[in-house]
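Everything on this sheet refers to the single structure shown next.
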2 protein chains.
Amino acid sequence: MNERIVDLLKKNHLSITESRKKILSHFLDANGALAHADIEHKSGTEFDRVTIYRTLQTFVEKGMIHTIPTTDNSVRYALCKDECSAGHHHDDHVHFMCDECGTTYCLDHVIVPQVALPEGFKAIRNDLVVSGICNKCS
Amino acid sequence: MNERIVDLLKKNHLSITESRKKILSHFLDANGALAHADIEHKSGTEFDRVTIYRTLQTFVEKGMIHTIPTTDNSVRYALCKDECSAGHHHDDHVHFMCDECGTTYCLDHVIVPQVALPEGFKAIRNDLVVSGICNKCS
DNA sequence: ACAACAATGCAACACTGTTGCAAAATTTAT
DNA sequence: ATAAATTTTGCAACAGTGTTGCATTGTTGT
């Protein structure tokens, strides 16, 4: 497990530090997406708030995680699957937010259908956020 | 114009106040979605920040405006078209964010195709956020 | 015009996110 | 293995965002 984490960091030319290993492991453990606050709670006082912010920023820049659009004002992050991190990043994402438990799932294998836009609009990225009841709450 | 605003407020059983009329007119004037900060800048020091927050909250509760999910952490609001405010609110929204000018458009007439979800997931609401270049920037 | 009610402004607060800089840890080269 | 170079971290300070309680003001219905 620790192997995989170190490999991921090395692959992205990042120094191997305690905070990065721990934060990355939180993402691997979580079945859903995480907000900054979630990581802060999971980590306790182990790391500074700023470190978490900077680590998340770094991970996003390296394409290891991505942000998820939400209807409320919370910013959530989810691990990118291999297709993302391999540079061959696809620009379509489907996410599912459970109204009951609040968990956010990253549905990588669901395909976003292209929609017809008005004249002059050029689509580059499609983010579909589906809300409802997840498989654990139904 | 003022007629229409007063009617809208009356229809939703809200008191007719200066702040509500002004904020509502900002939405009618704007071709795109507005963030709280936009309204604050447009209004200057005319109203208190808190009043704007509470007014937006009220409008959302009454179904006059709706929030738009964004990839960054900004919360934006857009006017609901007649279908929304008439109570017969449809739960699918398509929004377009221009990477160039940042304007957010509410594309009410674009239909969101239903996607196939994994077993046990029940979709209630679909929010599609398309990013790219808008008709003014292309 | 008046009473009942609703909305506003103010102050205070908690949370979120960013920046600069010195100290500590990691990596690279010797 | 050790030292230099680089990167990352923690701290402090700050700006922005959003919420709540309460007294004051404005709006509504009679």
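Since the model is a prediction, treat every value here as computed from it, not as a measurement. Sequence lines set the chain letters: A, B, ... in the order given, protein chains first and strands last, and positions in each chain run from 1. The basis for the numbers below is simple: all heavy atoms, side chains too, and nothing from hydrogens, waters or symmetry mates.
- Both B:Leu8 and B:Ile39 sit in one connected hydrophobic cluster of ILVMFWY residues. Membership requires side-chain heavy atoms under 4.5 Å apart, directly or through other members.
- One atom, NE2 of B:His13, and another, C1' of C:dA7, lie 18 Å apart when rounded to the nearest Å.
- A residue-by-residue look at A:Thr51 and B:Ser74 shows that A:Thr51 has its nearest nucleotide of DNA chain D further toward the 5' end.
- Mapping B:Asp48 and B:Ser15 onto DNA chain C via the closest heavy atom, the residue that lands nearer the 5' end is B:Ser15.
- Evaluation of atom-type donor-acceptor distances gives a pair under 3.5 Å for the side chain of B:Arg54 against the base of C:dG9.
- Going from atom CD1 of B:Ile39 over to atom P of D:dG18 covers 11 Å, rounded to whole Å.
- Atom CG of B:Leu14 and atom C1' of D:dG29 are 17 Å apart (whole Å).
- Between B:Lys21 atom NZ and C:dT8 atom C1' the separation is 15 Å, expressed in whole Å.
- Linking ILVMFWY side-chain heavy atoms closer than 4.5 Å, directly or via other members, places B:Leu14 and B:Ile52 in a single hydrophobic cluster.
- The residue B:Gln57 sits close only to the backbone: its heavy atoms come under 4.0 Å of sugar-phosphate atoms, none of a base.
- The separation between A:Leu56 atom CG and D:dT9 atom C1' is 15 Å, rounded to whole Å.
- Listed nucleotides: D:dT27, D:dT19, C:dG9. Nearest to the side chain of B:Tyr53: D:dT19.
- Taking atom CD1 on B:Ile16 and atom P on C:dT8, their separation rounds to 11 Å, with Å as the unit.
- OP1 or OP2 of C:dT8 has at least one side-chain nitrogen or oxygen of B:Thr17 nearer than 4.0 Å.
- Between the P atom of D:dG10 and the CD atom of A:Glu40 lies a distance of 12 Å, rounded to the nearest Å.
- In this structure, B:Arg49 reaches the bases: a heavy-atom distance under 4.0 Å links it to at least one base atom across the strands shown.
- With hydrophobic clusters built from ILVMFWY side chains whose heavy atoms lie under 4.5 angstrom apart, B:Val112 does not share a cluster with A:Ile68.
- More than 12 heavy-atom neighbours from other residues, nucleotides or ligands sit within 6.0 angstrom of NZ on A:Lys21.
- Comparing D:dA12, C:dT26, C:dC10 by their closest approach to the side chain of A:Val50 singles out D:dA12.
- No more than 12 heavy atoms of other residues, nucleotides or ligands lie within 6.0 Å of CD1 in B:Ile111, so this atom counts as exposed by the packing criterion.
- Under the 4.5 Å side-chain heavy-atom criterion for grouping Ile, Leu, Val, Met, Phe, Trp and Tyr, A:Phe59 is connected to A:Ile5 within one hydrophobic cluster.
- In this entry the distance linking CZ of A:Arg20 with P of C:dT27 reads 9 Å, nearest Å.
- Axis deviation across the helix from C:dA1-D:dT30 to C:dT30-D:dA1 amounts to 40°, comparing end segments of five pairs, rounded to 10 degrees.
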task = I would like to know whether B:Phe96 and A:Phe121 meet ring-ring contact (aromatic ring centres under 6.0 Å, His included); could you show each step before the answer?
result = CA-CA 9 Å; B:Phe96 187 93; A:Phe121 285 82; 4.8 Å; yes

